[in-house]
Protein chains: 2
Amino acid sequence: MSSARSLSRRSTPRVRLNEGALEMVARRFAVLGEPMRLRLIQALFAGKKHVNALVAETGGTQANISRHLQTLTQAHILSRQKEGLQVFYEIADPSIFQLCDQVCGSLQQDIARQADVFEG
Amino acid sequence: MSSARSLSRRSTPRVRLNEGALEMVARRFAVLGEPMRLRLIQALFAGKKHVNALVAETGGTQANISRHLQTLTQAHILSRQKEGLQVFYEIADPSIFQLCDQVCGSLQQDIARQADVFEG
DNA sequence: CTTAAATATGAGCATATACTCATATACGCG
DNA sequence: CGCGTATATGAGTATATGCTCATATTTAAG
């Protein structure tokens, strides 16, 4: 496990979060911890879309999609803009991109490691 | 919102996750979406520790801490090594550091933005 | 004003999961 | 072996949350 070596090499000391901050961080992770919400975020990678488009693309029900969009908006991950009858949602927090990429990356490592077990 | 401009500037095209991968990503986020688990991860930033030390440091019950440690280990975020009577846990996935930093960063932006509302 | 379309939301149900208590398991020691 | 310590786990409960159905709200059009 060569990757563990990087743990001690860090220029800026890591901040100790207080209770409130810690719960906010946990909340943000939890919001991203639902498959349907990730599907919505992924659908919005291509740009802003209105609710019905997201319903069609994800295959969810209108009510459910609306709820998830609300959750994501309250977490400041998406932004909401009404245009006539339709409501458009858009990714408001660009750090989401890096976040998803990073998680995907470490998961790929996990999978590669598992594959190694079978390959010998 | 100048930050939204970076969305379209990306060299490598973003991958569309299939259903299985998407659920794995969601699962990873969900595992990080619990305050007590974040507290444990934070406690382990300083290096490997045994269960009782983590129980003392976090103020949780032994049973609960043990369960969370199991969850984190199954997610390949921590690694487990038994030494005699004690079991030591350690951060196994260094990407956790960047992940936490990024979330903290975007949360600070949220907070700063909220503060701006009051400052005018 | 009536109607229709797009979205949001109240209420209820189902399920997941965090927590606790008690107990099991694993290990070291005398 | 018998005992004490460290950790894990089965079982049960409480709570959160995802989902659905029905309905409310908002806005545009006729």
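Sequence lines set the chain letters: A, B, ... in the order given, protein chains first and strands last, and positions in each chain run from 1.
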How close do B:R27 and B:T71 get, heavy atom to heavy atom, and via which atoms? NH2-CG2, 4.0 Å
Could you check whether any side-chain N or O of A:R37 sits under 3.5 Å from a backbone N or O of A:L72, counting only pairs where one atom can act as donor and the other as acceptor? no
Shortest non-hydrogen separation from B:L44 to B:E90 and the atoms involved: CD1-N, 4.4 Å
Between C:dC19 atom P and B:I65 atom CD1, what is the distance in whole Å? 8 Å
Under a 4.0 Å heavy-atom cutoff, the residues of residues 27-34 of chain A touching DNA chain D are A:R27, A:E34
By nearest-nucleotide position on DNA chain D, the 5'-leaning member of A:E83 and A:T71 is A:T71
If you apply the rule side-chain contact (heavy atoms from CB on, under 4.5 Å), what do you find for B:H76 with B:D93, and how did you get there? CA-CA 7 Å; B:H76 302 290; B:D93 183 348; 6.0 Å; no
Give a yes/no on whether any side-chain N or O of A:R67 is located under 4.0 angstrom from OP1 or OP2 of C:dT7. no
In this structure, would A:L69 and A:F88 fall into the same cluster of hydrophobic residues linked by side-chain contacts under 4.5 Å? no
Separation between CG of A:L54 and NZ of A:K48, rounded to the nearest 0.5 Å: 12.5 Å
Under-4.0 Å side-chain N/O to phosphate OP1/OP2 contact, A:Y89 with C:dA8: yes
Rounded at 0.5 Å granularity, tell me how far OG in A:S66 sits from CG in A:N52. 10.5 Å
Let me know the distance between CG of A:N52 and P of C:dA5, rounded to the nearest Å. 11 Å
Is the shortest side-chain N/O distance from B:N64 to OP1 or OP2 of C:dA18 below 4.0 Å? no
The first and last nucleotides of DNA chain D lying within contact of chain A, meaning any atom under 4.0 Å from one of its heavy atoms, run from D:dT17 to D:dA28
Name the nucleic acid region contacted by B:T61, choosing base, sugar-phosphate or nothing; use a 4.0 angstrom heavy-atom cut-off, strictly under. sugar-phosphate
Could you state the NE2-P distance from A:H68 to C:dT7, rounded to the nearest angstrom? 17 Å
Atom CD of A:Q86 to atom C1' of C:dA4: distance rounded to whole Å? 14 Å
Could you write out each protein N or O paired with an N or O of nucleotides 23-27 of chain C at a distance under 3.5 Å?
| unit_1 | atom_1 | unit_2 | atom_2 | d |
| --- | --- | --- | --- | --- |
| C:dA26 | O3' | B:K82 | NZ | 3.3 |

What are the two closest non-hydrogen atoms of A:R39 and A:T58, and how far apart are they? NH1-O, 4.2 Å
Candidates B:L99, B:L32, B:V103 - the one meeting side-chain contact (heavy atoms from CB on, under 4.5 Å) with A:V25: B:V103
Nearest heavy-atom pair of B:R28 and A:S106: which atoms, and what distance? NH1-OG, 2.9 Å
Starting from P on C:dA6, measure out to CD on A:Q81 and report it in whole angstrom. 18 Å
Closest heavy-atom pair, A:A43 versus A:K49, reported as atoms and distance to 0.1 Å, is O-NZ, 2.7 Å
